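What you see is a predicted model, and the numbers here were worked out from it, not measured in a lab.
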Amino acid sequence: QVQLVESGGGLVQAGGSLRLSCAASGRTFSSYALGWFRPAPGQEHEFIAAINWSGDSAYYADSVKGRFTISRENTNYTVYLQMNSLKPEDTAVYSCAADPVWGFGYSDYGMRYRGKGTLVTVSS
(Lines give C-alpha, C1' and ligand atoms only; values in the text may rest on other atoms or scores of the structure.)
Protein backbone atom coordinates (compact mmCIF):
# COMPACT_ATOMS: atom_id res chain seq x y z
CA GLN A 1 0.00 0.00 0.00
CA VAL A 2 1.10 3.56 -0.71
CA GLN A 3 0.41 6.55 1.54
CA LEU A 4 0.44 10.00 -0.01
CA VAL A 5 0.72 13.42 1.66
CA GLU A 6 0.39 16.60 -0.38
CA SER A 7 1.79 20.07 0.34
CA GLY A 8 2.39 23.37 -1.39
CA GLY A 9 -1.15 24.65 -1.77
CA GLY A 10 -2.06 28.24 -1.01
CA LEU A 11 -3.50 31.49 -2.29
CA VAL A 12 -2.19 32.93 -5.55
CA GLN A 13 -3.36 35.61 -7.95
CA ALA A 14 -4.55 34.74 -11.43
CA GLY A 15 -1.57 34.36 -13.74
CA GLY A 16 0.68 33.23 -10.92
CA SER A 17 2.38 29.91 -10.22
CA LEU A 18 2.49 27.26 -7.53
CA ARG A 19 4.33 23.99 -7.17
CA LEU A 20 2.62 21.17 -5.35
CA SER A 21 4.55 18.31 -3.80
CA CYS A 22 3.43 14.87 -2.73
CA ALA A 23 5.51 12.68 -0.46
CA ALA A 24 4.88 8.97 -0.67
CA SER A 25 5.65 6.09 1.63
CA GLY A 26 6.33 2.55 0.59
CA ARG A 27 9.33 0.89 -0.97
CA THR A 28 7.38 0.17 -4.17
CA PHE A 29 6.95 3.89 -4.94
CA SER A 30 9.36 3.83 -7.87
CA SER A 31 7.29 1.19 -9.67
CA TYR A 32 3.97 3.06 -9.42
CA ALA A 33 2.34 5.43 -11.86
CA LEU A 34 1.54 8.75 -10.19
CA GLY A 35 -1.03 11.40 -10.90
CA TRP A 36 -2.96 14.44 -9.75
CA PHE A 37 -6.72 14.93 -9.49
CA ARG A 38 -9.11 17.66 -8.38
CA PRO A 39 -12.88 17.80 -7.89
CA ALA A 40 -14.97 19.24 -10.71
CA PRO A 41 -18.70 19.96 -11.20
CA GLY A 42 -20.44 16.67 -11.82
CA GLN A 43 -17.31 14.65 -11.03
CA GLU A 44 -15.91 13.40 -7.78
CA HIS A 45 -12.41 13.73 -9.15
CA GLU A 46 -11.24 15.29 -12.40
CA PHE A 47 -8.06 13.83 -13.85
CA ILE A 48 -5.29 16.42 -14.20
CA ALA A 49 -2.03 14.64 -15.04
CA ALA A 50 -0.20 11.33 -14.80
CA ILE A 51 3.39 10.16 -15.11
CA ASN A 52 4.78 6.67 -15.49
CA TRP A 53 7.22 4.93 -13.14
CA SER A 54 10.37 6.10 -14.91
CA GLY A 55 9.19 9.63 -15.57
CA ASP A 56 9.65 9.45 -19.34
CA SER A 57 5.95 9.38 -20.22
CA ALA A 58 3.24 11.77 -19.03
CA TYR A 59 -0.12 13.06 -20.18
CA TYR A 60 -2.51 15.82 -19.17
CA ALA A 61 -6.12 16.90 -19.21
CA ASP A 62 -6.86 19.39 -21.98
CA SER A 63 -7.83 21.96 -19.37
CA VAL A 64 -4.27 22.17 -18.01
CA LYS A 65 -2.13 21.15 -20.99
CA GLY A 66 0.63 23.65 -21.60
CA ARG A 67 0.23 25.22 -18.14
CA PHE A 68 0.87 22.34 -15.71
CA THR A 69 3.83 19.97 -15.57
CA ILE A 70 4.04 16.74 -13.60
CA SER A 71 7.40 15.32 -12.55
CA ARG A 72 8.78 12.85 -10.04
CA GLU A 73 11.92 12.08 -8.05
CA ASN A 74 12.05 8.41 -7.18
CA THR A 75 15.12 8.86 -4.98
CA ASN A 76 13.13 10.92 -2.47
CA TYR A 77 9.69 9.40 -3.11
CA THR A 78 8.14 12.65 -4.32
CA VAL A 79 5.90 13.72 -7.18
CA TYR A 80 5.39 17.35 -8.17
CA LEU A 81 2.86 19.42 -10.04
CA GLN A 82 4.16 22.73 -11.37
CA MET A 83 1.22 24.98 -12.09
CA ASN A 84 1.73 28.11 -14.19
CA SER A 85 -0.66 30.71 -15.63
CA LEU A 86 -3.20 29.83 -12.96
CA LYS A 87 -6.84 30.76 -13.48
CA PRO A 88 -9.64 31.24 -10.92
CA GLU A 89 -11.27 28.07 -12.27
CA ASP A 90 -8.18 26.12 -11.14
CA THR A 91 -9.28 26.69 -7.55
CA ALA A 92 -9.72 23.27 -5.94
CA VAL A 93 -8.32 20.71 -3.52
CA TYR A 94 -5.59 18.90 -5.44
CA SER A 95 -4.92 15.26 -4.56
CA CYS A 96 -2.04 13.13 -5.71
CA ALA A 97 -2.65 9.51 -6.55
CA ALA A 98 -0.79 6.30 -7.29
CA ASP A 99 -1.52 3.14 -9.20
CA PRO A 100 0.56 -0.01 -9.72
CA VAL A 101 -0.48 -0.15 -13.39
CA TRP A 102 0.42 2.47 -15.99
CA GLY A 103 -2.29 3.33 -18.49
CA PHE A 104 -4.24 6.02 -20.31
CA GLY A 105 -7.60 5.44 -18.67
CA TYR A 106 -7.16 7.31 -15.42
CA SER A 107 -9.64 10.00 -16.46
CA ASP A 108 -12.30 7.26 -16.54
CA TYR A 109 -11.18 4.91 -13.79
CA GLY A 110 -9.06 6.97 -11.42
CA MET A 111 -6.09 5.55 -9.54
CA ARG A 112 -5.97 3.03 -6.73
CA TYR A 113 -4.50 5.20 -3.97
CA ARG A 114 -5.17 8.87 -3.30
CA GLY A 115 -4.05 11.43 -0.70
CA LYS A 116 -6.27 13.83 1.20
CA GLY A 117 -5.28 16.84 -0.86
CA THR A 118 -4.00 20.39 -0.58
CA LEU A 119 -6.10 23.50 -1.27
CA VAL A 120 -5.22 25.82 -4.11
CA THR A 121 -7.09 29.13 -4.31
CA VAL A 122 -6.64 31.41 -7.31
CA SER A 123 -7.98 34.94 -6.92
CA SER A 124 -9.08 37.05 -9.84
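The side-chain hydrogen bond (donor to acceptor under 3.5 Å, both in side chains) analysis of residues 85-98, with sequence neighbours excluded, yields the pairs Arg38-Asp90, Arg38-Tyr94, Arg67-Asp90. Applying the salt bridge (Lys or Arg N to Asp or Glu O under 4.0 Å) test to pairs two or more places apart or on separate chains, none has a residue in residues 103-124.
Annotation: the span from Ser7 atom OG to Arg19 atom CZ amounts to 9.0 Å, rounded to 0.5 Å. For the atom pair CH2 (Trp36) and OG1 (Thr118), the distance works out to 7.5 Å, reported to the nearest 0.5 Å. Taking CG from Asn52 and CG from Asp99, the interatomic distance works out to 12.5 Å, rounded to the nearest 0.5 Å. Once rounded to the nearest 0.5 Å, the distance linking OH of Tyr106 with CZ of Phe37 reads 8.5 Å. Atom CG of Leu34 and atom OH of Tyr80 lie 12.0 Å apart (nearest 0.5 Å).
In terms of heavy atoms, Ser63 sits closest to Glu46 at OG-OE2, 3.5 Å. Residues Ser21 and Thr78 share a closest heavy-atom pair of CB-CG2, 4.4 Å. What you find for Asn74 and Trp53 is that their closest heavy atoms are ND2-O, 3.0 Å. When all heavy atoms of Ala58 and Ile70 are compared, the pair lying nearest together is CB-CG2, 3.9 Å. Shown here for Val79 and Cys96, the closest heavy-atom pair between the two residues is CG1-CB, 4.3 Å. When all heavy atoms of Asn84 and Ser17 are compared, the closest pair comes out as OD1-OG, 2.9 Å.
At least one side-chain heavy atom of Leu20 sits under 4.5 Å from a side-chain heavy atom of Met83. Between Met111 and Phe47, every side-chain heavy-atom pair lies at or beyond the 4.5 Å cut-off.
In this structure, Leu81 is a member of the same hydrophobic cluster as Val12, with clusters built from ILVMFWY side-chain heavy atoms closer than 4.5 Å.
Outside the 6.0 Å centre-distance limit, the rings of Phe68 and Tyr60 are not counted as a close aromatic pair.
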